[in-house]
Amino acid sequence: MDAIDRKILSELQQEARLTVTALADRVQVSLSAGHRRLRELERSGVIVDYRAKVDPAMVGLGFRAVLFVTMRDGGSRVLDEFETAVIAVPEVIDAQRLFGEPDYVLRVVTQDLASYQRLYDTRLSALPGVLRLSSTLVMKEVIRDRPLPLI
């Protein structure tokens, strides 16, 4: 990956709906070179997908929480079961397994506190292998979906 590929990626992170013509112009390569490089970045898996960023509050999901999960057991079967179950909860919009404690951090969106409480009581607390859940509420998003610093 060279500087031109990084510039292509940087431009697409800012505006994924760029035409190939506009993209080639911005990174100062020919249309055919821009197209070839873009297709190679997609084919090789560097570009994973394209999607619209949606404001959660504008679609009725203005309540955000961060949930810290400590597992009872660190065995691979238990972790696989937990991860499969958490993937099935659509309100969990981001999940990472961590080194140390806690074992996982989840970002959750719901309509309001009451709907978060129902989700917590019925689904999140029933996730397999969980020893302890700890929530904190998001007061304000300072950085959201920041593009990777490629150039």
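Residues: numbered from 1 along the sequence shown.
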Rounded at 0.5 Å granularity, tell me how far [atom1] in [X] sits from [atom2] in [Y].
{"X": "Ser44", "Y": "Asp5", "atom1": "OG", "atom2": "CG", "answer": "8.5 Å"}
{"X": "Thr122", "Y": "Gln117", "atom1": "OG1", "atom2": "CD", "answer": "10.0 Å"}
{"X": "Asp73", "Y": "Asp103", "atom1": "CG", "atom2": "CG", "answer": "10.0 Å"}
{"X": "Leu31", "Y": "Arg36", "atom1": "CG", "atom2": "CZ", "answer": "11.0 Å"}

Item to check | With sequence neighbours excluded, residues passing salt bridge (Lys or Arg N to Asp or Glu O under 4.0 Å) with Asp2 | outcome: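 Checked Asp2 against salt bridge (Lys or Arg N to Asp or Glu O under 4.0 Å); matches are Arg37.
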Next on the checklist: Using the salt bridge (Lys or Arg N to Asp or Glu O under 4.0 Å) criterion, which residues pair with Glu141? Sequence neighbours excluded.
Outcome noted: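 Residues passing salt bridge (Lys or Arg N to Asp or Glu O under 4.0 Å) with Glu141: Arg64, Arg107, Arg144.
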Checklist entry - Near Gln28 CD, under 6.0 Å, is it more than 12 heavy atoms from other residues, nucleotides or ligands? => result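 Not more than 12 within 6.0 Å, no.
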Check for me, please, whether [X] and [Y] land in the same ILVMFWY cluster - side-chain distances under 4.5 Å, paths through other members count.
{"X": "Met71", "Y": "Leu106", "result": "yes"}
{"X": "Phe63", "Y": "Met58", "result": "no"}
{"X": "Val78", "Y": "Val92", "result": "yes"}
{"X": "Val89", "Y": "Leu137", "result": "yes"}
{"X": "Val109", "Y": "Val59", "result": "yes"}

Which pair of heavy atoms, one from [X] and one from [Y], lies closest together, and at what distance?
{"X": "Lys53", "Y": "Asp145", "result": "NZ-O, 3.3 Å"}
{"X": "Gly34", "Y": "Ala24", "result": "CA-CB, 4.4 Å"}
{"X": "Ser125", "Y": "Leu133", "result": "CA-CD1, 3.6 Å"}
{"X": "Gln14", "Y": "Pro147", "result": "NE2-CG, 3.3 Å"}
{"X": "Thr136", "Y": "Phe68", "result": "CG2-CE1, 3.8 Å"}
{"X": "Pro90", "Y": "Arg123", "result": "CD-NH1, 3.9 Å"}

Would you mind reporting whether [Y] and [X] have side-chain heavy atoms less than 4.5 Å apart?
{"X": "Tyr116", "Y": "Val108", "result": "yes"}
{"X": "Val29", "Y": "Ile4", "result": "yes"}
{"X": "Leu23", "Y": "Leu18", "result": "yes"}
{"X": "Glu11", "Y": "Val27", "result": "yes"}
{"X": "Leu79", "Y": "Arg97", "result": "yes"}
{"X": "Leu41", "Y": "Ile8", "result": "yes"}
{"X": "Ser135", "Y": "Tyr120", "result": "yes"}
{"X": "Val69", "Y": "Leu127", "result": "no"}

Item to check | Step-by-step side chain to side chain contact (heavy atoms under 4.5 Å, CB included) determination, Glu15 to Arg26 | outcome: CA-CA 12 Å; Glu15 190 177 347; Arg26 286 189 186 185; 3.1 Å; yes
Test your reading of the model: is there a side-chain donor-acceptor pair from [X] to the backbone of [Y], 3.5 Å cut-off?
{"X": "Arg118", "Y": "Leu113", "result": "no"}
{"X": "Lys7", "Y": "Leu150", "result": "no"}
{"X": "Glu91", "Y": "Leu119", "result": "no"}
{"X": "Thr84", "Y": "Glu81", "result": "no"}
{"X": "Ser10", "Y": "Arg6", "result": "no"}

Item to check | Verdict with reasoning, Leu38 to Ile47, per side chain to side chain contact (heavy atoms under 4.5 Å, CB included) | outcome: CA-CA 9 Å; Leu38 178 60; Ile47 295 176; 3.7 Å; yes
Checklist entry - How far apart are the C-alpha atoms of Thr70 and Tyr104, what are their side-chain angles, what is the distance that settles it, and do they pass the side chain to side chain donor-acceptor pair (under 3.5 Å) test? => result CA-CA 7 Å; Thr70 302; Tyr104 290 89; over 6 Å; no
Checklist entry - Does the side chain of Glu42 come under 3.5 Å of the side chain of Tyr50 through a donor N or O and an acceptor N or O? => result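 Their side chains do contain a donor-acceptor pair, which is all the 3.5 Å distance test asks for.
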